[in-house]
Amino acid sequence: MRKTEFWFVYIILLVGQLLLSTYCTFSPYLTLSILPVMVLCIPNRVHTPLAMLIALASGLFVDWLSEGMLGLNAFALVPVAYARKGIIGLVFGNDLFARGEDFSARKNGYGALSLAILLAQGIFLAIYVWADSAGTRPFLFNTARFAVSLAAGLPVLLLVSKVLAPDSRR
């Protein structure tokens with residue numbers, strides 16, 4: 001995917017997350033966010049500090065225009081951007097960086113992609129649920145919210161990753 005196409009799709013998905021956060025509140029146990037996979041799919045040529053700034057801006061944009069607590073998504077998303085290269089290196093191997101390639105489900109497999117998404121979403125949800133509860137909700141509620149959000153978000157995030165990280169060999 002060309003650089004301009006990626007950022008155009010990224011902005012469209014950011015607006016989609018905005019609509020999802022505003023109009024699709026399913027349950028207090030479910031936090032559905034496509035932001036972690038959007039940050040994970042930022043091209044490898046983008047360095048970590050810039051990815052962290054993109055994550056901060058994306059999180060603040062969603063927080064400002066949809067959700068009540070300003071900075072919650074940004075607070076949870078910046079660590080995902082910080083861990084992005086580590087997750088990619090751990091799951092897909094460092095040879096992606098050496099070759100200057102990005103990952104995709106077709107090249108690297110759905111198992112590896114699912115693991116990478118679960119790690120990124122797990123970091124995001126752990127911080128998001130912890131910060132959102134602020135010690136006012138019981139541990140079992142927070143654990144259930146984390147587990148339900150992680151399980152329900154995986155199929156959605158796999159679809160988003162297929163859009164943002166298509167196979168360049170087609």
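For the numbers below, each heavy atom of this structure counts, side chains included, while hydrogens, waters and symmetry mates do not.
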**Q** Any heavy-atom pair between the side chains of Phe6 and Leu164 that's under 4.5 Å?
**A** yes
**Q** Quick one: pull up CZ in Phe124 and OG1 in Thr31 and give me the separation to the nearest 0.5 Å.
**A** 8.0 Å
**Q** Could you grab the distance from atom CG of Asn73 to atom OG of Ser66, nearest 0.5 Å is fine?
**A** 7.0 Å
**Q** Are Leu159 and Val163 in one and the same hydrophobic cluster, where Ile, Leu, Val, Met, Phe, Trp and Tyr link if side-chain heavy atoms are under 4.5 Å apart?
**A**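 Unlinked, Leu159 and Val163 end up in two clusters.
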**Q** Only one of Ile42, Leu53, Asp63, Leu77 passes side-chain contact (heavy atoms from CB on, under 4.5 Å) with Ser58; say which it is.
**A** Leu77
**Q** Are side-chain heavy atoms of Ser149 and Leu32 found at a separation under 4.5 Å?
**A** no
**Q** Could you check Thr48 against Arg84 for side chain to side chain donor-acceptor pair (under 3.5 Å), going step by step and ending with a plain yes or no?
**A** CA-CA 8 Å; Thr48 301; Arg84 178 179 66 97; 4.9 Å; no
**Q** Measure the shortest side-chain to side-chain distance between Ile54 and Leu50 over non-hydrogen atoms and say whether it is less than 4.5 angstrom.
**A** yes
**Q** Is the distance between the ring centroids of Tyr29 and Phe141 under 6.0 Å?
**A**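 When the ring centroids of Tyr29 and Phe141 are compared, they turn out to be within the sub-6.0 Å range.
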**Q** Looking at Tyr82, I'd like to know if its OH atom is crowded, meaning that more than 12 non-hydrogen atoms belonging to other residues, nucleotides or ligands lie closer than 6.0 Å.
**A**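 It does not: Tyr82 OH has 12 such atoms or fewer within range.
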**Q** State the CG-NZ distance between Asn44 and Lys85, to the nearest 0.5 angstrom.
**A**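 Atom-to-atom, Asn44:CG and Lys85:NZ are 5.5 Å apart.
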**Q** With side-chain contact (heavy atoms from CB on, under 4.5 Å) as the test, would you mind laying out the steps for Leu157 and Gln121 before giving the verdict?
**A** CA-CA 9 Å; Leu157 296 180; Gln121 188 185 22; 3.4 Å; yes
**Q** Stepwise, does the side-chain contact (heavy atoms from CB on, under 4.5 Å) test hold for Glu5 with Tyr10?
**A** CA-CA 8 Å; Glu5 287 178 12; Tyr10 187 91; over 6 Å; no
**Q** Can you name the nearest heavy-atom pair linking Val80 to Pro36, along with the distance?
**A** CG1-O, 4.0 Å
**Q** Spell out, yes or no, whether Leu65 and Leu72 are grouped together once hydrophobic residues are joined by side-chain heavy atoms under 4.5 Å, including indirect joins.
**A** yes
**Q** Report yes if the side chains of Val39 and Leu35 come closer than 4.5 Å at any heavy-atom pair, otherwise no.
**A**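 Side-chain contact under 4.5 Å: no.
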**Q** Do you know which two heavy atoms are closest between Gly122 and Phe146, and how far apart they sit?
**A** O-CE1, 3.5 Å
**Q** Using side-chain contact (heavy atoms from CB on, under 4.5 Å), reason through Val37 and Leu158 one step at a time and then give a plain yes or no.
**A** CA-CA 8 Å; Val37 79; Leu158 280 170; over 6 Å; no
**Q** Strictly distance-based, threshold 3.5 Å: is any side-chain N or O of Ser21 a donor or acceptor partner for the main-chain N or O of Leu18?
**A** no
**Q** Provide the closest heavy-atom pair for Leu30 versus Val148 in the form atom of the first, atom of the second, distance.
**A** CD1-O, 4.0 Å
**Q** If we only count heavy atoms from C-beta on, is the Ile87 to Phe92 side-chain gap below 4.5 Å?
**A**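 With C-beta onward as the side chain, the pair stays apart.
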**Q** Please report the closest heavy-atom contact between Ser33 and Gln17, naming both atoms and the distance.
**A**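 Closest pair (atom of Ser33, atom of Gln17, distance): CA-OE1, 3.3 Å.
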**Q** If you round to the nearest 0.5 Å, how far is OG of Ser114 from CG of Leu119?
**A**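 Reported to 0.5 Å precision, the distance equals 11.0 Å.
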**Q** Work out which heavy atom in Gly89 is nearest to a heavy atom in Asn94; give both atom names and the distance.
**A**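 Shortest heavy-atom separation between Gly89 and Asn94 comes out as CA-OD1, 3.4 Å.
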**Q** Where do Leu40 and Ser161 land on the side-chain contact (heavy atoms from CB on, under 4.5 Å) test, with the steps shown first?
**A** CA-CA 9 Å; Leu40 186 67; Ser161 70; over 6 Å; no
**Q** Of all the heavy-atom pairs spanning Met38 and Val160, show the shortest one and how long it is.
**A**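 Closest heavy-atom pair between Met38 and Val160: CG-CG1, 4.4 Å.
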